Student: 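Sharing a structure below in structure tokens format, with a few things to ask.
Keep in mind that what you see is a predicted model, and the values were worked out from it rather than measured. Numbering of ligands and ligand atoms starts at 1, following listing order.
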Amino acid sequence: AGRQIWTKDSFENKLDWNTIYKIQEMARAGRTDGGFNPAKNPNAGDILFREQMITNHVLNGGTLPSTEKATTVKEAAKKAVHFYSMLQTEDGHWAGDYGGPHFLMPGLIIAWYVMGKPSKMINEDQAKLMAHYLRVHQQADGGWGTHIESPSTMFGTVLCYVSLRLLGDDATLPHMKEGHTFIQKEGGAVMTSSWAKFWLCLLGCMEWEGHNSVPPEMWLLPNWFPFHPGRLWCHCRMVYLPMGYLYGARFVYQDAATDTLIQDLRKELYCSDYQSIDWNSTRHLVADMDNYSPVPFFMEFAQNFLAFYESFPLIQPIKNYIRKKGLAFCKDYMAAEDLQTNFIDIGPVNKVLNMVSAFHAAGNNVEHDTIQNHMMRIPDYLWLAEDGMKMQGYNGSQCWDTSFAIQAIYECELLDEFPDLSKKVWAYLERTQILSTEVSQASPAFEYESVENRNKYYRHVSKGGWPFSTSAHGWPISDCTGEGLKGVCVLLKSTKVMDAIKKGELLDINRTRLEEAVNVILTLQNEDGGWATYENNRGFGWYEQLNPSEVFGDIMIDYSYAECSMASLTALCAFHEIYPDHRTEEVKHSIQLGRYFFESIQRSDGSWYGSWACCFCYACWFGIEGLIRSGDTPDSPSIKKCCKFLLSKQRANGGWGEDFTSCYDKDYAESGMDSYGDDGSGVVSTAWALLALSEAKCDDVEAVKRGIQYLIKRQLPCGDWPQEGISGVFNRACGITYTAYRNVFPIWALGRCHEVYGDAIDELE
Ligand code: LAN
């Protein structure tokens with residue numbers, strides 16, 4: 001009970017292959033070199049999905065918003081909420097495309113292949129749709145990027161090329177020849193980055209000597225040791241866990257030696273004869289285009305030492321003895337992660353790697369229960385859009401989008417005008433909070449919240465937190481807990497929701513549960529006053545010197561972030577306003593510490609750097625809101641400086657347009673002139689800037705008005721806004737799509753600006 005599994009079966013059956021192929025042709029005719037050009041590239045999105053939701057809404061007797069252009073801010077907001085309400089799912093959340101990265105689905109396809117192509121994992125139709133997606137995103141130079149808007153990289157290209165081959169595309173097809181040429185021109189697959197090499201090794205298209213060591217023994221280090229994998233950022237930790245297992249066990253696709261496709265790939269991927277390659281000498285190779293975080297000299301030295309450890313004959317008996325223990329620990333840890341997350345696992349990479357590990361542990365038997373359980377949870381990661389079927393960056397962003405939506409609608413003062421929407425959101429937040437009774441659905445006897453298990457598996461307290469996606473996933477996150485808690489706090493002010501609880505139509509979320517959420521937030525605060533993502537900061541800055549990934553930056557430990565800190569801090573403020581007597585001193589102290597943190601990380605130009613969306617516009621909103629809610633006033637120097645920064649980035653048409661490269665280069669970058677509807681501004685950047693400025697009560701009313709008018713101008717007749725370029729980001733270098741942002745943030749900005757500036761921003765030019 002209380003689990004949400006979003007199945008797309010009904011949706012898939014409605015697909016019309018002719019339409020799909022037509023879109024594919026259009027897309028291929030307008031291929032890009034990375035970057036976003038909506039006129040050419042059906043980049044990502046939810047057009048098909050949204051049409052389906054709206055059709056259902058109408059069939060169920062729902063009304064459509066009027067298509068008259070809005071003439072006031074309030075009207076625009078109301079229409080936008082009306083439109084957005086049609087997209088809310090039965091159980092109260094908003095679903096959307098959470099794709100973008102190009103290195104995820106190839107993992108799944110390779111796993112499927114090495115496990116004997118089980119149709120339960122990828123069926124025939126899905127295989128076609130996946131191939132379609134890969135073809136659509138091939139770029140003019142024949143390669144693929146690390147994500148849908150990145151210039152081609154060897155990381156993206158090798159993985160996508162191999163995937164298309166495994167899905168059945170012949171090497172002689174024109175597009176495959178282009179991909180092949182790209183790989184050959186860059187020096188062959190020895191030049192791809194380590195995570196791609198890992199997959200090639202599993203598939204039997206690279207020898208393990210060509211991969212740097214990932215010793216599973218590292219898990220056996222004592223916990224006090226300055227370097228311990230238990231202190232890594234959880235995403236990094238949970239990826240290197242199965243990697244250690246599969247590396248240690250030297251897993252290779254069992255039919256690699258006889259499979260003709262594998263033999264062909266061995267020829268296609270390299271510039272010289274496969275058998276003649278000196279693999280050990282290729283370990284450190286990586287193409288410049290992939291090398292965002294060059295592996296430091298110290299790490300190369302350590303890797304060479306490990307290569308010696310892996311192969312020097314005399315020490316093999318000792319190594320094998322310790323390795324066995326390391327492998328056993330990894331196996332046990334992966335099993336715990338599988339159970340804790342109901343086989344969803346923390347993310348798409350460890351999901352697939354854990355599955356392959358379990359396959360190995362079960363003696364390559366797909367019929368084994370664990371593998372069956374794993375396969376049932378693959379659809380959670382898949383999404384079908386007009387560009388085909390993709391693997392998402394998570395099992396969705398359900399809880400996150402829903403918590404934002406309800407706060408936005410609250411600030412438009414529309415909660416009680418959309419009572420069904422509000423009640424459904426309450427129900428969703430209620431069922432998604434992680435409760436003490438939460439034991440693994442797959443194994444009710446497994447109590448993961450016991451102190452013993454938390455210590456053993458390096459887990460923070462979960463009870464009371466909210467996750468990013470669903471309760472079945474169950475990893476709580478600081479800012480998702482914060483936004484969830486704030487979502488509940490605004491709904492407490494809705495008379496219609498409260499009445500429904502009194503009448504027993506909705507389950508209550510009692511005060512104890514909110515206190516538990518506060519507990520999660522308080523315990524997650526770091527010593528620097530800020531909040532990291534899932535856990536406290538456990539490691540040290542120098543861990544970054546050991547980052548072996550090449551393509552990603554700052555992945556080794558969990559840092560304090562502006563975004564996570566604002567959400568956590570403002571949630572404490574919202575809670576404190578309602579229940580000032582709970583842990584009063586601790587809450588107040590924590591808020592003050594948080595405030596110092598915001599001041600400490602503000603940049604000299606007044607901005608804040610955003611790590612999880614693009615980029616300064618996003619983080620300036622967090623910075624300003626964090627400071628104001630913790631007691632700063634609009635005339636404080638920090639606030640004034642940030643407003644000045646934002647105003648300096650406003651464009652002639654009233655909007656803001658920030659490019660993805662801001663995140664990558666850590667420097668504000670304007671998006672190109674051909675990026676969006678007109679002159680490169682975008683509705684999402686604009687909405688973030690307006691949220692910040694209005695929170696700061698910026699006195700340049702004219703600027704705010706021009707921003708608001710820009711949003712209204714860009715609103716579509718139905719109340720939606722167009723999907724624009726990629727707005728999410730992670731690990732500095734990878735983009736990820738958030739389709740809800742184009743609705744939620746403009747709605748929120750309209751609501752807040754109207755509240756702060758009233759009719760002064762209303763009149764149209
Ligand atoms: C996410 C998604 C949510 C996101 C926010 C809550 C928005 C953010 O404020 C904190 C960081 C967090 C939790 C986050 C971290 C990195 C994730 C998990 C992702 C961007 C989704 C996908 C990404 C994950 C690392 C992708 C898999 C790739 C690897 C390199 C393992």
Student: Using heavy-atom distances, let me know which of Tyr98, Tyr534, Phe552 sits nearest atom 2 (C) of ligand 1.
Tutor: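 It is Tyr98 that holds the nearest heavy atom.
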Student: Identify the closest protein heavy atom to atom 31 (C) of ligand 1: which residue and atom is it, and at what distance?
Tutor: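 Nearest protein contact, heavy atoms only, for atom 31 (C) of ligand 1 is Val239 CG2, 3.6 Å.
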Student: Give the residue and atom name of whichever protein heavy atom lies nearest to atom 9 (O) of ligand 1, and the separation in Å to one decimal.
Tutor: Asp479 OD2, 2.3 Å
Student: Determine whether the side chain, the backbone, both or neither of Trp233 has a heavy atom under 4.0 Å from any heavy atom of ligand 1.
Tutor: side chain
Student: Nearest to atom 15 (C) of ligand 1 by heavy atom, Trp400, Phe468, Trp612, Phe730: which?
Tutor: Trp612
Student: Relative to ligand 1, is Trp195 under 4.0 angstrom through side chain, backbone, both or neither, heavy atoms considered?
Tutor: side chain
Student: Judged by non-hydrogen atoms, does Gly347 sit under 4.0 Å from ligand 1?
Tutor: no
Student: Could you tell me if any non-hydrogen atom of Tyr240 lies under 4.0 Å from any atom of ligand 1?
Tutor: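 So Tyr240 does not count as touching ligand 1.
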Student: Tell me which protein heavy atom sits closest to atom 18 (C) of ligand 1, plus the residue, atom name and distance to 0.1 Å.
Tutor: His235 NE2, 3.0 Å
Student: Need the ligand 1 atom indices (1-based, order shown) with element for anything under 4.0 Å from a heavy-atom of Thr533.
Tutor: 10 (C), 11 (C)
Student: For Tyr738, is the nearest heavy atom under 4.0 Å from an atom of ligand 1?
Tutor: yes
Student: In ligand 1, which numbered atoms sit nearer than 4.0 Å to a non-hydrogen atom of Tyr394?
Tutor: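 Counting atoms of ligand 1 from 1, those under 4.0 Å from Tyr394 are 18 (C), 21 (C).
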Student: Looking only at the side chains, is there a donor atom on one of Gln303 and Arg283 sitting less than 3.5 Å from an acceptor on the other?
Tutor: no
Student: Give the atoms of ligand 1, by number and element, whose distance to some non-hydrogen atom of Cys480 is under 4.0 Å.
Tutor: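 Once the distances to Cys480 are compared, the set is 6 (C).
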Student: Tell me, which protein residue and heavy-atom name are nearest atom 13 (C) of ligand 1, and how many Å apart are they?
Tutor: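 It is Ile477 CD1, 3.6 Å.
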Student: Given side chains that start at C-beta, do those of Asn342 and His473 come closer than 4.5 Å, heavy atoms only?
Tutor: no
Student: Side chain, backbone, both or neither: which part of Asn731 comes within less than 4.0 Å of ligand 1 when only heavy atoms are counted?
Tutor: side chain
Student: Assess whether a salt bridge exists between Lys486 and Glu483, defined as any Lys/Arg side-chain N lying under 4.0 Å from an Asp/Glu carboxylate O.
Tutor: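 Salt bridge: yes.
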Student: Going by an N to O cut-off under 4.0 Å, is there a salt bridge joining Asp554 and Arg732?
Tutor: yes
Student: Do Tyr333 and Tyr457 have a side chain donor and acceptor closer than 3.5 Å?
Tutor: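 On atom types as modelled, these side chains do not qualify, holding no pair under 3.5 Å.
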Student: Just need the protein heavy atom nearest to atom 22 (C) of ligand 1, so name the residue and atom and give the distance.
Tutor: Gly393 O, 3.2 Å
Student: Are any of the side-chain nitrogens in Glu535 or Arg231 under 4.0 Å away from the carboxylate oxygens of its partner?
Tutor: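 Answer for the salt bridge query: no.
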Student: Does the structure place the NZ or CZ of Arg459 under 6.0 Å from the centre of the six-membered ring of Trp475, at an angle of no more than 45° from the ring's axis?
Tutor: yes
Student: Counting heavy atoms not belonging to Phe540, are there more than 12 under 6.0 Å from its CZ?
Tutor: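 For Phe540, atom CZ is crowded (more than 12 foreign heavy atoms under 6.0 Å).
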Student: Please determine whether a side-chain nitrogen of the Lys or Arg among Arg377 and Asp345 lies less than 4.0 Å from a carboxylate oxygen of the Asp or Glu.
Tutor: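 No, Arg377 and Asp345 are not salt-bridged.
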Student: Looking at every non-hydrogen atom in both residues, tell me the closest pair between Gly100 and Tyr133 and how far apart they are.
Tutor: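 Taking every non-hydrogen atom into account, O-OH, 4.3 Å.
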